[in-house]
Amino acid sequence: MPELPEVETVKESLKPYLIGQKIIKTKVHVGKLIKHPSENLFVEKIAGRTIVKIARRGKYLLFHLDQNLTLVIHLRMTGQLLFFTKKAEYSRHTHLVFHFDSQRELRFIDVRKFGLIYLVPTGNWEAIQGLKQLGVEPLSPDFTLDLFRELLAGRKGMLKPFLLNQKGIAGIGNLYADEILFRSGLHPKRKINTLDTEEIKELYGAIINTLKQAVLCRGTSFQNYVDGCGELGGFQAHLQVYGRGGKPCIYCQIPLQKIKVAGRGTVFCPCCQKAGDQERG
DNA sequence: AGTCAAACCTGGGCGC
DNA sequence: TGCGCCCAGGTTTGAC
């Protein structure tokens, strides 16, 4: 479940090791993870390229290469990117290995094989629908309260699916959606068009503050997340609802409820997170 | 437009 | 001891 803070941390942890590195060759063990172009073309085109810059958009990692190419990687749920400086045994689910000189490697490891890998012309995201349609970066100056109001305007859906929709705000997944809603005191099923001015401000602040704090903590290591050097994150110590279904709310001690919202496991406090009227756990 | 469900995939936890 | 079942979740796709 790498979300914005985890992907940001992977990016930052890899940066010092990868900038300026030349990809000598790529070993592909599970070819279907390469979504574009074909596996053969991918391997051929990436050989000899040098990594000049690493960036993040939403949950996508962007490795800008020379010759106007960009390697795009999405970790989805269980993907890991790990940098190795010397030969080490391949762990069980190593599906792709980028080789640099001096035996250095960047390995893509993914238990569930859900990850997505692309090689495209820099700035041309036509082949990557999800990246092309990505919404605003919530930690960028572009994400103003005014813009947030515009994003909400005219919408009638529930809050949680809105937060998870990458076309609106980029980078929020199931874990941070639950944490953000708890911190704003809003029910996950709350309808967008019932929010008042104060609640919108509250939600806006919670999005930024929660993500910022999680980035400072270097992400959440709840299941198998580690950064590019294999280091654990620290935000799991600050989780207030995610993974705490049935346990007492940190404010009111009432047991947190676990329900399904839009098909996602959702934990919330029935006392502290105000629903409109119709919803009841 | 919104809401739901299925699909992709594997490991872990559970009940029996 | 092991089998079968269900769950976890990011994103796309398709149905209603």
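Chain naming here is simple, since letters A, B, ... match the order of the sequence lines and numbering starts at 1 in each.
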query = Would you say the side-chain atoms of A:Gln166 pair up with the backbone N or O of A:Gly171, donor to acceptor, closer than 3.5 Å?
reply =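 Yes, A:Gln166 side chain to A:Gly171 backbone: donor-acceptor pair under 3.5 Å.
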
request  = Please check if the side chain of A:Gln273 supplies one atom and the backbone of A:Pro270 the other of a donor-acceptor pair under 3.5 Å.
outcome  =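 Not confirmed, A:Gln273 side chain does not pair with A:Pro270 backbone.
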
inquiry  = Could you check whether A:Arg155 makes a cation-pi contact with A:Phe162, meaning its NZ or CZ is under 6.0 Å from the centre of the six-membered ring and within 45° of the ring axis?
reply    =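 Verdict for A:Phe162: no cation-pi partner in A:Arg155.
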
task = Mind calculating the distance between CG (A:Asn174) and P (C:dG10) to the nearest angstrom?
result =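 Going from A:Asn174 (CG) to C:dG10 (P), I get 5 Å.
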
query = Bend angle of the helix from B:dG2-C:dC16 to B:dC16-C:dG2 from five-pair axes at both ends, rounded to 10°?
reply =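 Angle reported: 50°, given to the nearest ten degrees.
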
message = Using the rule side chain to side chain contact (heavy atoms under 4.5 Å, CB included), only one of A:Leu131, A:Ile54, A:Ile73 pairs with A:Leu62; which is it?
response = A:Leu131

request  = With ring-ring contact (aromatic ring centres under 6.0 Å, His included) as the test, would you mind laying out the steps for A:His36 and A:Phe42 before giving the verdict?
outcome  = CA-CA 7 Å; A:His36 182 90; A:Phe42 178 94; 9.8 Å; no

task = Report yes if a side-chain nitrogen or oxygen of A:Gln129 is closer than 4.0 Å to either non-bridging phosphate oxygen (OP1 or OP2) of C:dT12; otherwise report no.
result =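 For A:Gln129, the contact criterion (side-chain N or O under 4.0 Å from OP1 or OP2 of C:dT12) is not met.
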
query = Between C:dT12 and A:Lys35, is there an OP1 or OP2 to side-chain N/O distance shorter than 4.0 Å?
reply = no

query = Just checking A:Lys258: base, sugar-phosphate only, or nothing, at a heavy-atom cut-off of under 4.0 Å?
reply =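 Sugar-phosphate contact only.
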
task = Using a 4.0 Å heavy-atom cut-off, write out nucleotides 4-15 of chain B from 5' to 3' as B (base contacted by protein), S (sugar-phosphate only) or - (no contact).
result = S---BBBS----

Presence of salt bridge, [Y] and [X], under 4.0 angstrom:
{"X": "A:Lys113", "Y": "A:Asp110", "value": "no"}
{"X": "A:Asp101", "Y": "A:Lys22", "value": "no"}
{"X": "A:Glu231", "Y": "A:Arg218", "value": "no"}
{"X": "A:Arg56", "Y": "A:Glu137", "value": "yes"}

ask   = How are the rings of A:Tyr204 and A:Phe148 set to each other: parallel, tilted or perpendicular (split at 30° and 60°)?
value = tilted

key: Given B:dT3, C:dT11, C:dA8, the nucleotide with the shortest approach to the side chain of A:Lys260   = C:dA8

Selection: residues 227-244 of chain A, any non-hydrogen atom under 4.0 Å of DNA chain C =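 Listed by number, they are A:Tyr242.
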
request  = Test A:Phe268 against A:Phe182 for ring-ring contact (aromatic ring centres under 6.0 Å, His included), laying out the working first.
outcome  = CA-CA 6 Å; A:Phe268 72 103; A:Phe182 179 77; 9.9 Å; no

